[in-house]
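Report on the structure given below.
One is the number of the first residue; the rest follow in order along the sequence.
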Amino acid sequence: MTQIQILDCTLRDGGYINDFAFGQRGISGIIAQLTNAGIDIIETGFLENGDYNPECSVYNTVEQIANFLPTDHKRSMYVAMACYGEYNLDQLTPYNGKSIDGIRVTFHYNEIEDALIYCKEIQDRGYKVFVQPVGTTSYTDEQLISLIHLVNKLHPYAFYLVDTLGLMHKDDVFRFFYLINHNLANNIHMGFHSHNNLQLSYSNCQALASVESDRIISLDSSVYGMGRGAGNLNTELIASYLNEHYASSYEIEPLLEVVDEYIAKIKEKYEWGYSVPYYLAAINGCHPNYASYLSGKNTLNVKSIGIILRMIELEKRSLFDKNLAERKYIEFQSHEINDSATINALKDDFDGKNILLLAPGASLNENIAKILSCAKENGCTIVGVTFVPNFIECNYIFLSNLKRYKTTFNPTHKKINLIHTSNIEVDEKDKIMVNYSSLLNEDDTIRDNSSLMFLNMLAKFSPAKIYIAGMDGYGITNSDYYQDRLVIKHDMEQAIALNAAISKRIEQLKNQLNIEFITPTLYVK
């Protein structure tokens, strides 16, 4: 009869969501409640090199972890994860029963030989070793069997099937299980770490629990499914299922208390779970970070994200490469054109003229009278960037954001003169196309920020003065925008990075352009 265990990884996999900042009270409380729930194996976080912050579930030593463990371990085992090459074992003291019991080691295919030596060193210090190859589903059968034979010689506590890309269906689970089970030494446990890109983590784990085997199988999960991207199997769901169908004895209320006291507050601030970009990543065999990177641009519709994912070479899809993602993004967007005639034709409207740039910040609503006065008194050429305002007539609308064009920029289909970049195919009759790639910024963070791209275009002319309204700075609430339809969500880390990069670029542009902000902004001191 197959024996199923639960390994909860909330403090580790879930930590990708909030940068592991659960706080000391949160770390202790989550571990205590998981212990009270009878969870078999509790992952306390990462072991890594670097500075230690006791507010985060990332540690340098097992002694730091010991401070968070309850006096009574009940039936729970405690582990931590170490990525091969990112934790110096000189910091690892021998096992003494006062801290964690085991260490999960992750590694890539090209690191197998050295990683298994690393595992042996951990094993020699008395810890249970969990061998966890990244992206097991990307291995050929021959590669996987070869690895298993090496693992058998090491004889660790557990060997893992890892669905890094979240692309497995039930048939895949069965095929990999029987392949591993047939070749893995009998008394090595097997683990399954799934991602929920296709909403199949729960059903796949139910399928794995149903196999007939003498092997002990651990199912990785996290409370509330908390985890990077599409998230993970929900601990509370699989615990309840195992109680009902396999006579397990997990206590569910402590898990729900973890949600209520710790995770729900994080969920209010950060997002995880199923989304179409993560679905696209899975069906195209791409690392989910490609989907989050492209989605985070806030310039692409889902069709475009799918096209870019398919542009990535097959052999490069399983490991995320930010530089490759950026190159493919720019390649997709560029649509290089010669716009010299167009730029020349626009000179009459911009050379020697005062320009009023309207960005979609919330400050527009409180400063309408001031904006109207500025436009009238200075005889401005008025340009709305990425949206059509309803309180003033614009000479032009500038658009470089494909997602805006497909959704929110002109919902009433007001007649406009549109200047659009060459990455967007538009239906408007009165349209002027300019070269997308010639307006980009050097900094990846703000590469194709629309307001900056328009300012970069103005740098091709000789405007007298540029008045800016509504370019307030990024926050994390709906109230940061002129209208709710224009909202683009960012987390705090993204907002801070964007604001810093834009401020720096504005200062550079001031060497070329006479710029004055007429509404409150974070971009000038």
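Here the side chains of Glu86 and Tyr84 are not in contact, with every heavy-atom distance at 4.5 Å or above. Proximity of Pro54 to Gln24: side-chain heavy atoms (C-beta onward) are separated by under 4.5 Å at one or more points. In this structure the side chain of Phe192 reaches within 4.5 angstrom of the side chain of Asn204, judged on heavy atoms. Between Leu498 and Thr445 there is a side-chain heavy-atom pair separated by less than 4.5 Å. Residues His193 and Asp13 meet the side-chain proximity criterion, which asks for heavy atoms closer than 4.5 Å. Within the 4.5 Å cutoff, no side-chain heavy atoms of Tyr278 are placed close to those of Leu198. A 4.5 Å side-chain heavy-atom check between Phe320 and Tyr293 finds at least one atom pair inside the cut-off. Side-chain contact between Ile446 and Asp443 is present, with heavy atoms from C-beta onward closer than 4.5 Å.
Evaluation of the side chain to side chain donor-acceptor pair (under 3.5 Å) test over residues 236-245, restricted to residues two or more places apart or in two chains, returns Asn234-Glu236. Within the structure, side chain to side chain donor-acceptor pair (under 3.5 Å) contacts touching residues 161-175 (residues at least two apart or in different chains) are Asp141-Arg175.
Lys328 and Glu313 are joined by a salt bridge, as a carboxylate oxygen and a charged side-chain nitrogen come within less than 4.0 angstrom of each other. A salt bridge is absent between Lys74 and Glu251; no separation between the charged side-chain nitrogens and carboxylate oxygens falls under 4.0 Å.
Remark: aromatic rings of His335 and Tyr436 are distant, center separation not under 6.0 Å. Aromatic ring centroids of Tyr109 and Tyr139 lie under 6.0 Å apart.
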For side chain to side chain contact (heavy atoms under 4.5 Å, CB included), just list the numbers for Leu11 and Ile30, CA-CA rounded to whole Å, side-chain angles, deciding distance to a tenth of an Å, and then say yes or no. CA-CA 8 Å; Leu11 289 169; Ile30 291 170; 3.9 Å; yes

Show your working on side chain to side chain contact (heavy atoms under 4.5 Å, CB included) between Val131 and Phe107 and close with a plain yes or no. CA-CA 9 Å; Val131 175; Phe107 54 89; 3.6 Å; yes

Derivation and outcome, side chain to side chain donor-acceptor pair (under 3.5 Å), residues Asp40 and Tyr250: CA-CA 9 Å; Asp40 305 279; Tyr250 300 107; 2.4 Å; yes

Walk me through it: do Arg75 and Thr35 pass the test side chain to side chain contact (heavy atoms under 4.5 Å, CB included)? CA-CA 8 Å; Arg75 75 183 197 196; Thr35 303; over 6 Å; no

Between Met190 and Phe159, does a side chain to side chain contact (heavy atoms under 4.5 Å, CB included) hold up when you go through it step by step? CA-CA 5 Å; Met190 180 179 166; Phe159 176 77; 5.6 Å; no

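When the side-chain hydrogen bond (donor to acceptor under 3.5 Å, both in side chains) test is applied to Asn301, the partners found at least two apart in sequence or on another chain are Ser304. For the side-chain hydrogen bond (donor to acceptor under 3.5 Å, both in side chains) test, no residue two or more places apart in sequence or in another chain qualifies with Ser138. Qualifying side-chain contact (heavy atoms from CB on, under 4.5 Å) partners for Lys98, counting only residues two or more places apart in sequence or in other chains: Asn96. Scanning for side-chain hydrogen bond (donor to acceptor under 3.5 Å, both in side chains) contacts around Gln132 gives Arg104, with sequence neighbours left out.
The aromatic rings of Tyr160 and Phe130 sit tilted, their planes meeting at an angle between 30° and 60°. Below 30°, between 30° and 60°, or above 60°: for Tyr59 and Phe68 the angle between ring planes is between 30° and 60°, a tilted geometry. The aromatic rings of His73 and Tyr78 sit perpendicular, their planes meeting at an angle over 60°, well past the 30° parallel limit.
Judged by distance alone, with hydrogens and angles left aside, the side-chain atoms of Arg12 form no donor-acceptor pair with the main-chain N or O of Met81 at under 3.5 Å.
Taken to the nearest 0.5 Å, the CD atom of Gln33 stands 12.0 Å off from the CD1 atom of Ile31.
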